[in-house]
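Just below is one structure, and these are the notes that go with it.
Owing to the predicted nature of the structure, the values given are computational and were not obtained by experimental measurement.
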Amino acid sequence: MAATPAPPQAPPKPTWDPRRPEPPFPWLRPTIRIRLTLLYGGMFLIAGILLLSIIYLLAAQALTSGNQPPFKIAGGTEVKVTSGYCPAVNGATDLPLDAFNTIISNCIDQQRQAALDNLLSRSLLALLGLAIIAFAFGYAMAGRVLSPLGRITRTARAVAGSDLSRRIELDGPDDELKELSDTFDEMLERLQRAFTAQQRFVGNASHELRTPLAINRTLLEVHLSDPGAPMELQQLGKTLLATNERSEQLVEGLLLLARSDNQIVERKPVDLAEVAEQAVDQVNGEAEAKGVVIRGEQKPAVVQGNGVLLERIALNLVQNAVRYNVPEGGWVEVTTDIQHGQAVLVVSNTGPVVPAYEIDNLFEPFRRLRTERTGSDKGVGLGLSIVRSVARAHGGHISAQPREGGGLVMRVALPI
């Protein structure tokens, strides 16, 4: 009697849970809002206390100086009134009483106004000093509070440069910035696993396909070397050998594309002029067979990068420029130079008219201009994808523009 099959097991639960447990007292959580409220509220309180204390001291000093008697009565045979604040009353002994009182009132008003002006000027100076101190303290505190944002920004820039291994790992209070940092780290972890799995799959698949393709090529070459083989069999063998060669190119392109998606770790000085010259030398035979003239001046432009991958950039661009050209009177121009602090490789060619809306599609894998996805003898459709991937891995970029009359202008810019 056959055994009963075991029931299928449930899939494992995901290890990452975007939902976080709520704290028992959420209003006690040291959030950014509460911290900023306490910080700036405390700053205003301290500044107010200091300003009030300074004004109190200045007012006390003004009142102390104002308590001094503005007039002095000098004794002698007759009473005389003297004043250091009001010279108008000095020696005024024969004035009427009303005029004398008016002079005294004016003197008292002038003394009060002088005390108020002195208090106002000193208060303004104190306010200016406190404002400078408050701005400096606020700038320092704001920088301290916002420093985690700078750390997150630097990590995001590093990740944008294809370095998915970077993490923020922010420490500190459990506030909004800590939550944002942890969420960003979790997202990077998932992205890195996805990209690593994709690259591992492409690399393993490419390696596994190399062996049977090499065996097929060897068997086909052995059968084609037989002089007694029928003509039909030889024709079939040549067709299969061309198909096998195309498959090998596709596998090599996939493997190179998987490698170039990573950030270049080991960098050496590479001259784009030398790279372009080697690419031109390799394509010269094909260009002469198609009647395409290759020209251009290669000026020294040294960058830090991988020489093999940079050579593949130039080779793919020059090959495409030769293959996608006009039947007669075509040309390809290859130039290298340093422009605006960047090393620039420009490949221009004559060819069919390329609509501007189809430019972006040319950089997608297995995409060609107005051709089928398969069955083309001009390549496997990975050339420009590899160029873009290698340029990005070196911190550069590639752009394409249609030429008037047909053809393209490919421009690769790499940092020096």
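- Of the candidates Val346, Leu272, Val344, Thr335 forms a side chain to side chain contact (heavy atoms under 4.5 Å, CB included) with just one, namely Val346.
- Rounding to the nearest 0.5 Å places CZ of Phe363 at 7.5 Å from OG of Ser399.
- Checked against side chain to side chain contact (heavy atoms under 4.5 Å, CB included), Leu128 has the following partners two or more places apart in sequence or in another chain: Ile132.
- For the pair Val326 and Gly329, the tightest heavy-atom approach, listed with the atom from each and the gap, is CG2-C, 4.1 Å.
- Considering only residues two or more places apart in sequence or on other chains, Gln235 meets the side chain to side chain contact (heavy atoms under 4.5 Å, CB included) condition with Thr239.
- The CG atom of Leu213 sits 10.0 Å away from the CZ atom of Arg210 when rounded to the nearest 0.5 Å.
- Partners of Glu277 according to the side chain to side chain donor-acceptor pair (under 3.5 Å) rule, which considers only residues two or more places apart in sequence or in another chain, do not exist here.
- Qualifying side chain to side chain donor-acceptor pair (under 3.5 Å) partners for Glu288, counting only residues two or more places apart in sequence or in other chains: none.
- Across Val347, Ile398, Leu345, a single residue satisfies side chain to side chain contact (heavy atoms under 4.5 Å, CB included) together with Val387, and that is Ile398.
- The shortest distance between side-chain heavy atoms of Leu240 and Asn244 does not fall below 4.5 Å.
- Of the inter-residue distances, the one linking Arg193 atom CZ with Leu188 atom CG reads 11.0 Å to the nearest 0.5 angstrom.
- Taking the side chain as every heavy atom from C-beta outward, Gln234 and Asp226 never approach each other to under 4.5 Å.
- Nearest heavy atoms, Gly305 versus Val270: O-CG2, 3.7 Å.
- Among pairs with a residue in residues 341-352, those fulfilling side-chain hydrogen bond (donor to acceptor under 3.5 Å, both in side chains) read Asn325-Thr350, at least two apart in sequence or across chains.
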For Ile313 and Leu317, run side-chain contact (heavy atoms from CB on, under 4.5 Å): C-alpha distance rounded to whole Å, both residues' side-chain angles, the deciding distance at 0.1 Å, then the answer. CA-CA 6 Å; Ile313 287 182; Leu317 291 179; 4.1 Å; yes
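- For the pair His223/Leu220, no side-chain contact is recorded, criterion being any heavy-atom separation below 4.5 Å from C-beta on.
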Under 3.5 Å donor-acceptor pairs involving side-chain atoms of residues 291-304, not counting sequence neighbours:
residue: Gln298; atom: NE2; partner: Val334; partner atom: O; Å: 2.6

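- A donor-acceptor distance shorter than 3.5 angstrom exists from the side chain of Ser53 to the backbone of Ile49, with no hydrogens or angles considered.
- Considering CD of Gln319 and OH of Tyr324, their distance stands at 11.0 Å, rounded to 0.5 Å.
- Applying the side chain to side chain contact (heavy atoms under 4.5 Å, CB included) criterion to Glu311, with sequence neighbours excluded, gives Val275, Gln278, Gln282.
- Remark: Arg190 does not engage Glu186 in a salt bridge, criterion side-chain N to carboxylate O under 4.0 Å.
- The distance from atom NZ of Lys238 to atom CD of Glu245, rounded to the nearest 0.5 Å, is 14.0 Å.
- The side chain to side chain contact (heavy atoms under 4.5 Å, CB included) test applied to Leu50 returns Ile46, Leu130, not counting sequence neighbours.
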Contacts under 3.5 angstrom, residues 401-416 side chains, donor-acceptor by atom type, not counting sequence neighbours:
residue: Arg403; atom: NH1; partner: Gly406; partner atom: O; Å: 2.8
residue: Arg411; atom: NH2; partner: Gln339; partner atom: OE1; Å: 3.3

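- With rounding to the nearest 0.5 Å, the separation of CG in Asp185 from CD in Gln192 is 11.0 Å.
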